[in-house]
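Structure first, commentary second.
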Amino acid sequence: MAKEEVSEDPAPPVRASTIGAERLAASEARRAEPTAIERLDRYVPAEVEAKWADTWERTRLHETPNELAGRPNYYFLTMFPYPSGDVHVGHWYAYAPPDAAARAMRMQGKNVLFPMGFDAFGINAENAAIDRKIHPAVWTEKNMAHMREQFRMMGAAIDWRREVVTCYPEYYRWNQWMFLRLLEKGLAYRGDAPVNWCPRDETVLANEQVIGGRCERCDTVVVKRQMTQWFYRITAYADELLRYEGLDWPERVRVLQTNWIGRSEGAEMAFPVEGHPGEEIRFFTTRPDTIFGATFMVLAPEHRLVDVVTTPDRKAEVEAHVEKARNAPEIERTAEGAEKTGVFTGGYARNAFTGERIPIWIADYVLVTYGTGAIMAVPAHDERDFAFAKKYGLTIREVISPDGTSHEPLGTAYIGEGVMVSSGAHDGTRSEDGKRAIAEDAKRRGIGGPTVSYRLRDWLISRQRYWGTPIPVVHCAKCGVVPVPYDQLPVVLPRNVEFTGRGGSPLSHVREFVEATCPKCGGAARRDTDTMDTFVDSSWYMYRYLDPKIKSSFMDRDAGRKWLPVHQYTGGVEHAILHLLYMRFMAKALRDLGELWFDEPAIRFRYQGTVVFGGRKMSKSRGNVQTPDAYVKRYGADTLRLFMMFMGPWVDGADWDAAGIDGTWRFLNAVWRLALSRPVAGDADPDLEREIHRTIRKVTDDLMAFHFNTAVAALMKLEHRLSSGSGPTRDEGIRTLLLLLAPLAPFVTEELWARRGGAYSVHQQAWPAYDADLARSEEVTLVVQVDGKVRDRLAVAAGLSNDEAQAAALAAEKVRQAIAGRRVERIVVVPDRLVNIVMAK
RNA sequence: GCCGCCGUAGCCCAAUGGCAUGAGGCGACCGCCUUAAGAGCGGUUCAAGUGAGGGUUCGAGUCCCUCCGGCGGCACCA
């Protein structure tokens with residue numbers, strides 16, 4: 001509408017000549033080396049960005065005090081990076097949009113803490129040491145320096161005084177301190193567990209080092225090995241971790257965590273082993289109602305009772321199978337569609353409900369790590385048990401019937417609900433009710449009762465690796481496992497270590513480290529040579545940012561009272577389970593140690609999607625890493641930031657394609673020209689005013705919702721409107737545009753703000769206020785439908801009552817034609833939007 | 001196999017159950033500029049009817065069901 005007015009007026013020739021003059025200046029600038037004066041008028045991102053990055057540092061613009069009068073604190077946390085050697089566009093995608101949101105929040109009057117640090121321990125650094133003979137500490141420092149430079153280039157508004165680096169003793173001593181506290185509380189313990197073992201590297205691998213069942217480094221198939229390890233008792237919090245009340249977290253993340261924890265209700269019961277008084281096989285089942293159909297039992301090959309129940313005649317075969325299972329790679333044992341193989345032990349148990357003698361088998365499909373490592377097998381009502389029974393000719397007895405009649409012999413397992421049959425006194429009971437009835441029956445008989453089982457296992461924190469936090473215990477021949485006293489922390493990771501990649505933890509070869517004195521008896525002792533999982537480091541780093549240097553505690557408690565819990569957390573969805581679950585666990589454990597006063601570490605969480613390239617994850621090994629540097633050089637950081645936000649919804653991620661980056665580059669150039677252009681004479685323009693206020697509302701809402709792409713689009717739209725605008729409204733609009741754009745493109749807006757005479761810094765200005773009255777249209781287009789089909793569009797005053805809108809619609813000529821001779825049944829009015837006239841059939 | 005998410009112009013994407021003469025961008029095309037090309041600038045004259053089918057509704061891209069296609073997670077969890 002505004003455009004039409006302009007074209008009616010004699011303005012176009014004037015504008016055309018202005019454009020011609022700009023064009024002339026621009027083409028001359030291209031032809032020759034620009035003079036100093038001409039350069040001032042061109043947008044040269046490199047100059048602008050270098051200048052303001054320096055100025056911001058000099059003026060300490062990004063330092064956040066713990067308190068700022070009149071400004072509420074807001075803790076905006078983004079997952080800190082692992083300082084790997086390759087910085088790719090995905091890093092910018094993860095950090096630039098949250099930086100924009102945090103900046104906007106500052107302009108909106110909050111005292112925003114936006115800290116950064118490095119998750120600096122980890123396997124890659126150690127592998128680099130092995131492969132390239134660089135010490136992990138050196139490699140890590142080099143990478144951190146590179147990444148700090150990237151953040152600086154990006155213009156991220158980080159308070160670097162608060163930087164946290166997890167590989168420094170000042171940090172990891174608190175890992176050790178927490179370990180000792182958890183140990184005292186019984187939340188840390190030493191236990192036996194099957195772990196991933198790489199036979200070629202002769203070392204245990206972290207779960208994340210096992211890719212598709214193979215060792216990340218040497219591609220060797222990984223096997224399970226039983227080892228004594230340290231655990232954190234996360235399962236003690238399983239039920240609490242399933243509660244998300246008061247948390248504003250995406251549904252997807254909550255679902256992933258819920259599935260991971262895998263709560264199932266059922267019963268744990270035990271059947272006695274025949275011929276071994278006192279021995280019984282405990283098992284967990286979610287279907288106690290099927291117990292009368294339990295015609296055999298299956299133990300995991302690693303189960304403690306295998307040796308006990310096996311009869312001499314079966315011993316050779318059983319041992320062979322156990323040995324095979326033990327050495328078989330996990331991927332083969334659990335592969336989809338794998339044949340269910342097993343061996344009869346020769347032993348029998350007694351089904352406590354039927355009184356029957358039932359054979360005990362061992363089979364790979366029963367996992368030692370879930371439940372009790374043993375099952376009652378009910379072939380009629382479990383697909384796996386059915387397949388197994390078919391294969392080995394075991395009894396299949398129907399005990400749940402969908403309709404109360406018999407279907408034997410069964411062609412497949414029936415896993416649904418139904419009526420209990422062949423179940424003694426329980427016959428005729430609905431299976432839903434039978435679950436509870438049988439569990440209670442078992443309780444009365446003293447063989448078990450209702451219970452809950454979880455898929456979640458305790459968190460194995462031991463790693464046979466060098467580049468991590470040493471576990472602060474010593475092993476004394478006399479006193480056993482002895483914790484290092486608090487006053488001897490930190491147990492410092494020694495620097496002089498040989499990296500061969502062979503023969504277990506490098507720490508075990510460092511005599512000065514291993515040889516220790518027992519704190520209890522004063523005798524010679526061996527230090528534990530395992531280090532902690534790096535997820536331990538990241539489970540509590542958000543508390544350390546408050547004061548990374550404080551020596552008296554892991555956290556500045558006073559500052560914590562002002563900032564915690566974290567208001568907003570962002571990061572990659574790939575951490576939905578591990579890191580985010582560990583972080584929640586650690587908050588609850590520290591709470592129970594009396595160290596924290598809240599239940600959840602972060603109230604609101606939002607994730608970004610993954611940036612892939614050619615449909616594949618970017619990684620050095622694939623050789624498809626897309627680095628931001630070339631784009632920054634050619635277009636500047638602001639353009640790249642903006643492009644990152646504009647590619648699509650942040651949660652969706654993107655397939656990296658720089659083809660569209662010219663669009664954001666042109667936009668910033670257009671803003672540049674607009675902001676530095678001379679004012680255009682004219683009157684106040686209410687239509688433009690309305691557009692400005694609508695943009696304020698749109699951009700404000702979008703940034704708070706992390707809808708960066710539509711915020712950018714709205715700013716582009718406003719720029720178009722302003723470029724053909726005039727008068728004081730145009731000036732006000734340019735000012736508003738710069739303020740709204742400032743969080744997204746911090747450098748160029750700072751430059752333009754300064755050039756237009758604005759006070760330093762644009763980032764310290766108040767966010768534009770949105771006036772609902774000004775944003776409201778005076779005139780709206782009312783769509784008139786007849787039976788849902790658009791018949792006319794009417795320009796009417798805004799705020800018409802339903803009766804008025806209805807009258808206007810019925811009066812329209814096109815509508816009158818459409819409804820002529822027919823009866824109106826009803827009329828639906830959506831205020832200021834449409835009228836739908838429904839005709840009688 | 002189970003769970004979750006997503007299918008809108010050539011491409012990326014927008015649209016509180018209410019106008020898809022689509023917000024924005026890429027590309028394309030037409031001008032301007034240029035010896036030329038590119039880049040730049042101005043413009044829109046380009047393009048789909050929302051993966052397929054059914055249902056609910058006055059009205060469905062949006063809600064429900066089935067199917068097709070893609071992505072992610074879990075995967076013998078008893």
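Reminder, nothing fancy here: chain letters follow the sequence lines and each chain counts from 1.
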Next on the checklist: Looking at A:Glu265 and A:Arg263, is any side-chain nitrogen of the basic one under 4.0 Å from a carboxylate oxygen of the acidic one?
Outcome noted: yes
Next on the checklist: For a quick check of understanding: with a heavy-atom distance under 4.0 Å over all strands, which category does A:Val830 fall into, base, sugar-phosphate or nothing?
Outcome noted: base
Item to check | Separation between CG of A:Leu794 and CG of A:Leu800, rounded to the nearest 0.5 Å | outcome: 10.0 Å
Checklist entry - Closest to the A:Phe646 side chain: B:rG25, B:rC19, B:rC3? => result B:rG25
Item to check | Anti/syn call for B:rU8, syn if |chi| within 90° | outcome: anti
Checklist entry - Do the ring centers of A:Tyr365 and A:Phe388 come within less than 6.0 Å of each other? => result yes
Checklist entry - Considering every strand shown, what is the Watson-Crick or G-U wobble mate of B:rC13 when both distances are under 3.5 Å? => result B:rG22
Checklist entry - Would you say a side-chain N or O of A:Arg455 is under 4.0 Å from OP1 or OP2 of B:rA75? => result yes
Next on the checklist: Closest approach to the side chain of A:Asn836, judged atom by atom: which nucleotide of B:rG24, B:rG27, B:rG59 is it?
Outcome noted: B:rG59
Next on the checklist: Reading RNA chain B from 5' onward, which residue's closest nucleotide shows up sooner: A:Gly653 or A:Gly663?
Outcome noted: A:Gly653
Item to check | P gap between B:rC41 and B:rG25, integer Å | outcome: 12 Å
Item to check | side-chain N/O A:Thr710 vs B:rG24 OP1/OP2, d < 4.0 Å | outcome: no
Checklist entry - In whole Å, what separates the P atom of B:rC32 from that of B:rA37? => result 12 Å
Checklist entry - Taking only N and O in the side chain of A:His720, is any of them less than 4.0 Å away from OP1 or OP2 of B:rU44? => result no
Next on the checklist: Could you check, using the six-membered ring where one of them is a Trp, whether A:Tyr244 and A:Trp249 have ring centers closer than 6.0 angstrom?
Outcome noted: no
Checklist entry - Using atom P of each nucleotide, how far apart are B:rA20 and B:rG51 to the nearest Å? => result 16 Å
Checklist entry - Across the strands shown, which category fits A:Glu251 at heavy-atom distances under 4.0 angstrom: base, sugar-phosphate, nothing? => result nothing
Item to check | A:Thr341 side chain reached by A:His321 side chain, heavy atoms, under 4.5 Å | outcome: yes
Checklist entry - Across the strands shown, which category fits A:Arg791 at heavy-atom distances under 4.0 angstrom: base, sugar-phosphate, nothing? => result nothing
Checklist entry - Does A:Phe284 or A:Gly660 map to a spot on RNA chain B nearer the 5' end, using the closest nucleotide for each? => result A:Gly660
Next on the checklist: For B:rU16 and A:Arg833 - does any side-chain N or O of the residue sit under 4.0 Å from the phosphate oxygens OP1/OP2?
Outcome noted: no
Next on the checklist: Please report whether the ring centroid of A:Trp672 lies less than 6.0 Å from that of A:Phe667.
Outcome noted: no
Next on the checklist: Donor-acceptor check, side chain of A:Arg282 to backbone of A:Thr372, threshold 3.5 angstrom: yes or no?
Outcome noted: no
Checklist entry - Which nucleotide in the set B:rC13, B:rU21, B:rA78 lies at the smallest distance from any side-chain heavy atom of A:Arg793? => result B:rU21
Next on the checklist: So A:Leu256, base contact, sugar-phosphate only, or nothing? Heavy-atom distance under 4.0 Å.
Outcome noted: sugar-phosphate
Item to check | Phosphate contact (B:rC74 OP1 or OP2) by A:Arg252 side-chain N/O below 4.0 Å | outcome: no
Item to check | Assigned glycosidic conformation for B:rA20 [threshold 90° from 0] | outcome: syn
Next on the checklist: Taking only the C1' atom of each, what is the distance from B:rG40 to B:rG69 in whole angstrom?
Outcome noted: 42 Å
Checklist entry - Expressed in whole Å, how much space separates the C1' atoms belonging to B:rA28 and B:rC11? => result 12 Å
Item to check | Euclidean distance for P, B:rA47 against B:rA23 (whole angstrom) | outcome: 15 Å
Checklist entry - Which residues, if any, of residues 696-704 of chain A bring a heavy atom under 4.0 Å of RNA chain B? => result none
Item to check | Donor-acceptor pair present, A:Arg826 side chain and B:rC58 base, under 3.5 Å | outcome: no
Next on the checklist: Any side-chain to backbone donor/acceptor pair from A:His693 onto A:Tyr770? Under 3.5 Å, distance only.
Outcome noted: no
Checklist entry - So what does A:Thr664 touch, heavy atoms closer than 4.0 Å: a base, only the sugar-phosphate, or nothing? => result nothing
Item to check | A:His381 side chain to A:Val399 backbone, donor-acceptor under 3.5 Å | outcome: yes
Item to check | Nearest-Å distance once atom P is located in both B:rG24 and B:rA14 | outcome: 14 Å
